[in-house]
Amino acid sequence: MDVLLRHNVTVAGRSDGPPIVFVHGFGCDQNMWRFVWPAFADEYRVILFDHVGHGHSDHSAFDPARYGTLDGYAEDVLDVLRELDVHDAVFVGHSVSAMIGALAATVEPERFSRLVMIGPSPRYIDDDGYTGGFSREDIDGLLESLASNYLGWSGAMAPVIMGNEDRPELGEELTELFCATDPEIAAHFARVTFLSDNRADLERVPVRTLVLQCSADVIAPVGVGAYVDEQLPDSTLVQLEATGHCPNLSAPAETTAAIQDFLAEP
Amino acid sequence: VSGRDDLIRDSPEELFENAPCGYLTTALDGTILQVNRTLQLLTGHERDALVGRRFQELLTVGGRIYYETHYAPLLQMQGWVREIAVDLVGADGAKRPALVNSVLQRDEDGRPLSIRTVVFEATDRRRYEQELLRARDREHAVAAELQRGLLSGRLPLDPALDLAVSYRPAEGLEVGGDWYDAFWLGERRIGVVVGDVVGRGIVAAATMGQLRSAVRALASTGLTPGPLLDALDGYAHRHEVGQMTTLAYAELDLDRGVLVLACAGHPPPAVTAPGEPAHFLWDGRSTPLDAAAGASARPESTVTLTPGATVILFTDGLFERVDRPLQEGLDLVLAELTAHDGKTAQELANAMTDAALAERRTTDDVCLLALRWTPPGT
């Protein structure tokens, strides 16, 4: 399978510019970057893609074993970068993909120049002396939420979304389907994401990293951002005014400016 | 306008406050600015306890994660979200199932300004949904149990035989209809079968069970593979069961290595021998069960195996994939069979199903039966 098709890879911006990769987190697809990436297009070669099972990726390539840990997702990042022959990329990862980027950079450091982690958390569940913000029961609650919210992924729509069936009469409904994800894949990704523990990986991140911390982010609270910044060998933490977990959507200007300031560092 | 209509017509304030749904306006970060009376009743919170809090704080923690990862992003991207199921946590701590719709309000320049949200109670609907989900899970469990029960028999053991099966049921909610069987036919002969029933779920599992028993019963009467499939046609037709099923049935004489084979609309078995490339056994083919009314007798074919030869019977899940031509899949089966020839039957069966499913979801059952003929002295 063609890696670029598997991940619905988009390449935009300045073709001879330095590469910058934006990677979406749990819950949506590369649309998450729509208000951010254009600001980088003049200077950078912009690369966007969907994790397998999300957006317009090849859903049939989803293998529960490969994606049983975040390492499988990190391997995908490397697959895309290898396919595009990318070295020294700026990696911008949102939410769980911040950690996925950290893992990928540890495996093949030469492909990364800098890392931008937006709302990262290496461990969501509270542990002895560590506050991630959640309990195991909370994650079960999330799985229940996912099970009762199909977001358009009904038996009638799923084959159309996956491109297995041509049903023009559903076209209009289809254009409204941001973030439509196979509920089984979404539940699998949720489990892998929220039960992961990558705290020990932080100290091995080999590139300079920006940690973007939102205000009032229930998913990655301020204390967790501080922990990430503390564990990383070479990092800066910037506190955003933006609230919630998706500043790339709710405060794109502030997010973009913070990334640009970081990249302007000598 | 009559006087009565005037009496009936609500003021806008009345329409808002006592609407038949909870209604609120929030800032973009979810901070509640305005709530109607119905929402106060729904949550058990007074207005003062609601205004100034974030809407997402009224949800369960799981719901809050869903809000941040799905609800808020969708709203920001498309300007609306509809029919999202959440649990509101009331002042008494009890969960109240609800459905929520939101629209994003914009200012004159199109910049997001605020969010309007309506909240509908959905207690009965949620209960009904959960019953449906439970029923679906139960049916799946029953069908899976039935399938497991049917497939868990012991395989014939003999020094002249290395026989193994690899069976990977489809992932997802419904069990598929692939089955296999292997049994003694007499002192030195065995029968092996791999088949694929149309359909999924309990019905498919039950059909599979009937056909499996029918094949065993017919085989015990001494019918050879071609006539056995003819008799099975009659069974399927008379009892209206398992029509369009495909299967491959073969008998092996363990002393002489003679394999007699018939194939009803099923992928052809393949054979390989030490030092020889694998090939398909294309003879002895006919249509699926009860597919051709009044057709002539089904053919069978006979091959004599060389000592150490390996035969595989398998279902289409092993080679069929939407993203490549059928022939490519079949070629890969032969390549894999040749490549794994040195292994035990179990290792070979596992390796071949692993290869077929590598980095894929198992969307169809995959069933492979491998037998190697190893007569004494070889």
Side-chain angles (χ1 to χ4, degrees), chain A residues 1 5-6 25-28 31-32 34-35 52-53 58-66 95 119 124 133-135 137-151 164 176-179 181-182 184-186 190 193-194 215-219 242-246 248-251, chain B residues 27-31 54 56-57 59-87 89 95 97 99-100 104 111-112 122 125-126 129-130 132-133 136-137 171-173 321-324 354 357-364:
Chain A
M1 181 72 196
L5 282 177
R6 187 176 81 191
F26 167 70
C28 204
N31 271 302
M32 293 288 263
R34 63 213 317 240
F35 305 136
V52 165
D58 176 12
H59 293 244
S60 67
F62 187 82
D63 173 4
R66 175 175 170 104
S95 193
Y124 295 89
F134 297 101
S135 68
E137 292 71 42
D138 295 335
I139 305 310
D140 291 338
L142 168 66
L143 295 174
E144 271 173 44
S145 274
L146 288 170
S148 47
N149 286 296
Y150 270 46
L151 286 179
N164 293 343
E176 297 178 351
L177 286 174
F178 283 118
C179 308
T181 307
D182 181 329
E184 278 184 54
I185 296 181
T193 296
F194 288 100
S215 311
D217 181 355
V218 62
I219 295 183
T243 58
H245 189 55
C246 302
N248 37 347
L249 287 168
S250 65
Chain B
L28 295 172
D29 67 357
T31 305
R54 290 200 172 87
Q56 51 273 41
E57 291 169 22
L59 310 178
T60 55
V61 178
R64 232 175 275 175
I65 303 177
Y66 191 81
Y67 181 96
E68 297 292 352
T69 53
H70 290 76
Y71 200 97
L74 275 172
L75 191 57
Q76 279 149 348
M77 281 190 287
Q78 63 189 7
W80 54 265
V81 268
R82 288 186 205 131
E83 292 183 50
I84 301 297
V86 297
D87 285 329
V89 181
K95 286 196 267 182
L99 285 177
V100 182
L104 191 64
R111 282 185 306 240
R125 178 149 297 277
R126 189 73 58 79
E129 273 173 16
Q130 277 163 355
L132 290 178
L133 285 174
R136 193 184 64 177
D137 290 347
E171 288 161 31
L173 291 165
R321 263 165 58 168
V322 286
D323 62 346
R324 72 175 177 221
D354 282 348
L357 295 173
E359 296 182 11
R360 313 293 300 174
R361 282 178 105 186
T362 319
T363 52
D364 192 6

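Naming convention: chains lettered A, B, ... in sequence-line order (proteins, then strands); numbering from 1 in each chain.
Of the residues considered (L75(B), L59(B), I65(B), T60(B)), I65(B) shows the highest number of contacts with chain A, using heavy-atom pairs under 4.5 Å. The greatest number of non-hydrogen atom pairs below 4.5 Å with chain B, out of A65(A), S250(A), A216(A), G244(A), is found for S250(A).
To the nearest 0.5 Å, atom NE2 of residue H70(B) and atom CG of residue L146(A) are 5.5 Å apart. The CG atom of D87(B) lies 7.0 Å from the OG atom of S145(A); values are rounded to the nearest 0.5 Å. A distance of 9.5 Å separates CD in E83(B) from CG in N149(A), rounded to the nearest 0.5 Å.
Heavy-atom minimum distance, E68(B) versus H245(A): OE1-N, 3.4 Å. Contact between M77(B) and R34(A) at its shortest, heavy atoms only, is O-NH1, 3.3 Å.
Neither the backbone nor the side chain of L143(A) comes within less than 4.5 Å of any heavy atom of chain B. Both the backbone and the side chain of L249(A) come within contact range of chain B, with heavy atoms under 4.5 Å apart. Looking at R324(B), there are no atoms closer than 4.5 Å to chain A (heavy atoms on both sides), in backbone or side chain. Neither the backbone nor the side chain of A72(B) comes within contact range of chain A; no heavy atom of the residue lies under 4.5 Å from a heavy atom of that chain. For chain A, no part of Q56(B) is nearby; none of its heavy atoms comes within less than 4.5 Å.
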